[in-house]
**Q** 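Before anything else, here's the structure in question.
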Amino acid sequence: MATSVTLSEHELSEIRGLIEARSGILFDDSRERFFSTRVREHVEARKLSHGTDLLRLIQNSNVEYDSLLQRLLTQETAFFRYPSVFDALEKKVLPELQTRKFWENPRSLRIWSAGCSTGEEAYSIAMTVADAIEFAEAWKVHLLATDISRHALTCAERGIYDSRDMEPVSLQHREQYFIRSGNQFTVKPQLRNMITFAPMNLAQAVYMGKFDCIFCMNVLIYFSEERQAQLVQRFYDYLEPGGYLFLGHVESISRAAVKFETHIHRDAQIYQKPASLRRNGAAQERA
């Protein structure tokens with residue numbers, strides 16, 4: 001029987017510190033057992049003897065670092081994971097945006113799925129937009145989906161899901177947006193072409209222009225309170241006036257200094273950047 005590797009507190013602390021410094025992801029005391037178990041499993045899978053060997057490996061190889069992150073991040077996701085969120089997107093947010101942008105030329109809609117994992121969230125957003133937007137051919141729709149895990153992004157870009165993954169997807173959506181082959185469903189080009197998948201480390205500030213909606217669901221929980229506040233501030237800055245931020249059910253912006261307006265839709269809490277900023281800016285331009 002193979003001997004289980006024992007990792008010292010110092011080794012675990014060094015690995016934890018490297019991950020936080022590099023990716024902003026914090027494994028605090030509440031996740032200590034999970035963290036130590038997953039790191040030990042990774043050391044054993046790589047046939048290493050000590051935590052210092054793993055530390056050296058991930059310091060010198062992006063591939064090895066990504067491999068460790070893949071083991072540590074649960075990547076739990078699903079199509080239409082929070083139905084009330086997508087109901088709010090369909091019935092409140094998109095109609096409002098269509099009305100506001102109706103006379104713009106060109107009419108554009110920009111949405112960011114930050115922490116998109118294996119793509120289910122991004123494709124759920126795309127299906128909702130495709131269903132809800134009237135005269136879709138008159139709109140320029142751009143959906144950016146990013147994640148720190150390159151493995152997850154590869155799965156997202158392939159857009160192939162098994163029948164178990166597809167359980168939350170209605171029969172109508174399956175027929176309209178997927179091609180079935182046995183127990184596998186492949187996203188059709190019309191949906192896939194709405195989305196650009198790209199690697200991104202949210203700990204690094206990269207400006208990508210303004211967005212009408214930002215989804216960052218069940219991602220903030222991986223960051224310290226200070227980094228959460230910084231990230232929410234960036235989301236606020238990246239949103240158009242009147243734009244919306246969607247977070248996970250257990251996340252909030254209570255510690256952030258920015259002033260979002262809060263809306264409740266069924267059991268979903270969504271945050272809107274005040275639209276008055278747009279009106280004030282327009283008034284100043286006229287003056």
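Heads up: numbering here begins at 1 and tracks the sequence.
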**Q** Say whether Ser30 and Asp28, considering side chains only, have a donor N or O and an acceptor N or O under 3.5 Å apart.
**A** yes
**Q** Looking at Ser113 and Ala145, would you say the former's side chain and the latter's main chain have a donor-acceptor pair under 3.5 Å?
**A** no
**Q** Can any side-chain N or O of Thr99 pair as donor or acceptor with the backbone N or O of Pro95 at less than 3.5 Å?
**A** yes
**Q** Should Asp237 and Arg234 count as an ion pair when the cut-off is N to O under 4.0 Å?
**A** no
**Q** Who else is in Ile264's hydrophobic cluster (ILVMFWY, side-chain heavy atoms under 4.5 Å, direct or via others)?
**A** none
**Q** Please answer whether the main-chain N or O of Tyr244 pairs with a side-chain N or O of Gln272 as donor and acceptor at a distance below 3.5 Å.
**A** no
**Q** Establish, from distance only, whether the side-chain atoms of Glu90 and Thr128 form a donor-acceptor pair under 3.5 Å.
**A** no
**Q** Would you find a donor on one side and an acceptor on the other, under 3.5 Å apart, between the side chain of Arg107 and the backbone of Phe102?
**A** yes
**Q** Restricting to pairs with a member in residues 158-182, which pass salt bridge (Lys or Arg N to Asp or Glu O under 4.0 Å), not counting sequence neighbours?
**A** none
**Q** Determine whether more than 12 heavy atoms belonging to other residues, nucleotides or ligands lie under 6.0 Å from atom NE2 of His50.
**A** no
**Q** Among Tyr161, Tyr123, Phe86, which one satisfies ring-ring contact (aromatic ring centres under 6.0 Å, His included) with Phe79?
**A** Tyr161
**Q** Output yes when a side-chain donor or acceptor of Asn183 lies under 3.5 Å from a complementary backbone atom of Ser163, and no otherwise.
**A** no
**Q** Is the backbone N or O of Phe27 less than 3.5 Å from a side-chain atom of Arg16, with the two atoms forming a donor-acceptor pair by type?
**A** yes
**Q** Would you say Glu240's side chain and Phe211's backbone share a donor-acceptor pair under 3.5 angstrom?
**A** no
**Q** I'd like to know if the side chain of Lys101 and the backbone of Ser108 have a donor-acceptor N/O pair within less than 3.5 Å.
**A** yes
**Q** Above 12 or not: heavy atoms from other molecules or residues under 6.0 Å from CG of Asn60?
**A** yes
**Q** Please determine if Arg46 and Glu64 form a salt bridge, counting it only when a charged side-chain N lies under 4.0 Å from a carboxylate O.
**A** yes
**Q** What residue among Leu97, Val141, Ile195, Leu143 forms side chain to side chain contact (heavy atoms under 4.5 Å, CB included) with Ile111?
**A** Leu143
**Q** Looking only at side-chain N and O atoms, does Thr118 offer a donor or acceptor that is under 3.5 Å from a partner on Glu120?
**A** yes
**Q** The criterion is side chain to side chain donor-acceptor pair (under 3.5 Å); which residues satisfy it with Ser23, sequence neighbours excluded?
**A** Tyr65
**Q** Would you find a donor on one side and an acceptor on the other, under 3.5 Å apart, between the side chain of Gln228 and the backbone of Leu220?
**A** yes
**Q** Consider only side-chain N and O atoms of His265 and Asp87, and report whether a donor and an acceptor are under 3.5 Å apart.
**A** yes
**Q** Please tabulate, for side-chain N and O atoms in residues 196-209, each donor-acceptor pair with protein atoms closer than 3.5 Å (sequence neighbours left out).
**A**
unit_1 : atom_1 : unit_2 : atom_2 : d
Thr196 : OG1    : His142 : NE2    : 3.4
Asn201 : OD1    : Ala203 : N      : 3.0
Asn201 : ND2    : Arg22  : O      : 2.7

**Q** Hey, does the Lys NZ or Arg CZ of Lys273 hover above the aromatic six-ring of Phe260, less than 6.0 Å from the centre and inside 45° of the axis?
**A** no
**Q** Taking CD in Gln190 as the centre, count heavy atoms belonging to other residues, nucleotides or ligands within less than 6.0 Å. Is the count above 12?
**A** yes
**Q** Say whether Gln269 and Tyr271, considering side chains only, have a donor N or O and an acceptor N or O under 3.5 Å apart.
**A** yes
**Q** Quick one: does any side-chain atom of Arg192 pair with a main-chain N or O of Glu157 as donor and acceptor, under 3.5 Å?
**A** yes
**Q** With sequence neighbours excluded, tell me which residues meet side chain to side chain donor-acceptor pair (under 3.5 Å) with Asp267.
**A** Ser84
**Q** Are there more than 12 heavy atoms of other residues, nucleotides or ligands under 6.0 Å from atom CZ of Arg150?
**A** no
**Q** Could you tell me which residues satisfy ring-ring contact (aromatic ring centres under 6.0 Å, His included) with His249, sequence neighbours excluded, listed by chain and number?
**A** Tyr82
